[in-house]
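Given the structure is predicted, the values throughout are model-derived calculations rather than measurements.
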Amino acid sequence: MKEKISSTKLKLAGLLASVSLFLAACATSTEPINAQSTGFWDRYIVYNMSRLIIWLSEAFGGNYGIGIILITLIIRVLLIPLMQYQMKSQEKMQEVQPEIQALQEKYASKDPETQEQLRIEMAKLQEEHDYNPWAGCLPMLIQLPILMALYQSISRTEILRQEHFLWFQLGQPDPYFILPIIAACLTWYSMRLNTVANPAAGKGQMAMMQWTMPAMILFMGLGLPSAISLYWVANTGFTVLQTLLLNNPYKKREARLAEEAKTRDLERRLEKARRNPRGKKR
């Protein structure tokens with residue numbers, strides 16, 4: 001049933017979409033992109049991003065490492081509105097989730113009449129809170145082709161293969177494995193931030209993904225060109241900073257803990273008043 005979607009399942013769908021992007025990007029053509037490339041995707045999307053990388057690099061004295069970092073940051077800045085919409089959708093989902101679970105427990109029977117009533121109640125709840133269970137997934141689906149085009153433009157720009165940046169050659173794996181390790185650590189921390197404000201996100205399948213995704217990034221980064229690892233570091237590093245600055249989960253955790261403490265204190269006061277209604281001393 002479409003309405004019966006838990007917070008964990010929605011977030012897992014988001015993570016699986018990210019994994020799909022990662023695997024799909026690694027599996028795409030490695031044929032160099034140039035003015036002779038054909039097809040709408042290669043000729044107009046990937047090729048123009050490649051040209052922008054080259055232009056930015058030349059603007060900074062032919063430093064192609066800087067070009068990769070800048071194009072990554074530019075794309076991520078342009079995607080901020082989508083990311084913010086996604087974060088707000090997830091927050092609203094977390095607020096509504098207790099009521100959804102209550103309805104699911106109330107109408108737990110699988111007979112058609114009960115399930116129909118559940119669908120009606122779920123529709124009312126979603127309308128009341130202006131909540132769409134798939135709203136948080138839509139921005140990610142829009143971002144996927146953009147980020148994939150960015151990935152391909154970096155991996156298929158021929159001139160990058162011979163250029164050097166810092167201690168590594170962009171077309172060869174990092175000889176000291178520093179970039180893959182940093183990319184994996186940033187990926188882990190980015191996913192960890194999701195569990196700070198919402199501990200339920202760090203359980204079950206989500207907890208497993210928190211470790212398998214960074215491990216995948218590390219393993220693949222050991223054999224891929226350093227240009228790709230540099231892109232991962234810039235992209236995930238921006239995600240971490242954006243989360244801390246615009247949606248600080250530590251502040252949200254403090255607010256949640258304060259609210260829980262306030263609720264517990266109120267419950268204790270009510271319990272004390274119930275046991276001693278006339279204020280008599282024991």
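Counting only heavy atoms from C-beta outward, the side chains of Phe177 and Leu218 never approach each other to under 4.5 Å. Between Trp55 and Leu52 there is a side-chain heavy-atom pair separated by less than 4.5 Å. Side-chain contact between Gln242 and Ile80 is present, with heavy atoms from C-beta onward closer than 4.5 Å.
In this structure, Pro180 and Gly221 approach most closely via the heavy-atom pair CG-O, 3.4 Å. Taking all atoms of both residues into account, the shortest heavy-atom contact from Pro145 to Trp41 is O-CH2, 3.2 Å. Closest heavy-atom contact between Ala183 and Ile217: CB-CG2, 3.8 Å. Residues Pro225 and Leu170 approach most closely at CB-O, 3.4 Å, considering heavy atoms. Shortest non-hydrogen contact noted between Ser226 and Leu179 is O-CD1, 3.8 Å. Between Tyr64 and Glu163 the shortest heavy-atom distance is CD1-CG, 3.4 Å.
Between the Thr72 side chain and the Ile68 main chain, a donor and an acceptor come within less than 3.5 Å of each other. Side chain of Ser153 to main chain of Leu150: a donor-acceptor pair is present (N/O by atom type, distance under 3.5 Å, no hydrogens or angles). Judged by distance alone, the side chain of Ser37 and the main-chain N or O of Arg43 form no donor-acceptor pair under 3.5 Å.
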Give the intermediate values and the outcome of side-chain contact (heavy atoms from CB on, under 4.5 Å) for residues Val77 and Phe238. CA-CA 9 Å; Val77 167; Phe238 183 90; 3.9 Å; yes

CA sep, side-chain torsions, deciding dist, call: Asp174, Ser229, side-chain contact (heavy atoms from CB on, under 4.5 Å): CA-CA 8 Å; Asp174 184 344; Ser229 295; 5.7 Å; no

For a side-chain contact (heavy atoms from CB on, under 4.5 Å) check, start with the C-alpha distance between Asp42 and Tyr47, then their side-chain angles and the critical distance, and finish with the verdict. CA-CA 6 Å; Asp42 282 359; Tyr47 174 61; over 6 Å; no

Run the side-chain contact (heavy atoms from CB on, under 4.5 Å) check on Leu166 and Leu230 step by step: do they pass? CA-CA 11 Å; Leu166 299 177; Leu230 180 62; over 6 Å; no

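One finds the CD1 atom of Ile228 at 9.5 Å from the CD atom of Gln152 (value rounded to the nearest 0.5 Å). Atom CG of Leu193 is separated from atom CH2 of Trp188 by 8.5 Å, given to the nearest 0.5 angstrom. To the nearest 0.5 Å, atom CG of residue Leu160 and atom CD1 of residue Ile154 are 8.0 Å apart.
Residues Ile182 and Leu241 fall into different hydrophobic clusters, defined by Ile, Leu, Val, Met, Phe, Trp and Tyr side chains chained together at heavy-atom separations under 4.5 Å. Follow the hydrophobic side-chain contacts under 4.5 Å out from Met49 and you reach Ile54 in the same cluster. The hydrophobic clustering, which links ILVMFWY residues whose side-chain heavy atoms are closer than 4.5 Å, places Leu222 and Leu224 apart.
Of the candidates Arg192, Met216, Met213, Met213 is the only one forming a side chain to side chain contact (heavy atoms under 4.5 Å, CB included) with Thr187. Just one of Ile71, Ile69, Ile75 meets the side chain to side chain contact (heavy atoms under 4.5 Å, CB included) condition when paired with Leu73; it is Ile69.
By the 30° and 60° cut-offs, the orientation of the rings of Tyr151 relative to Trp232 is tilted. Between Phe168 and Phe165, the two ring planes are perpendicular [angle over 60°; tilted spans 30° to 60°].
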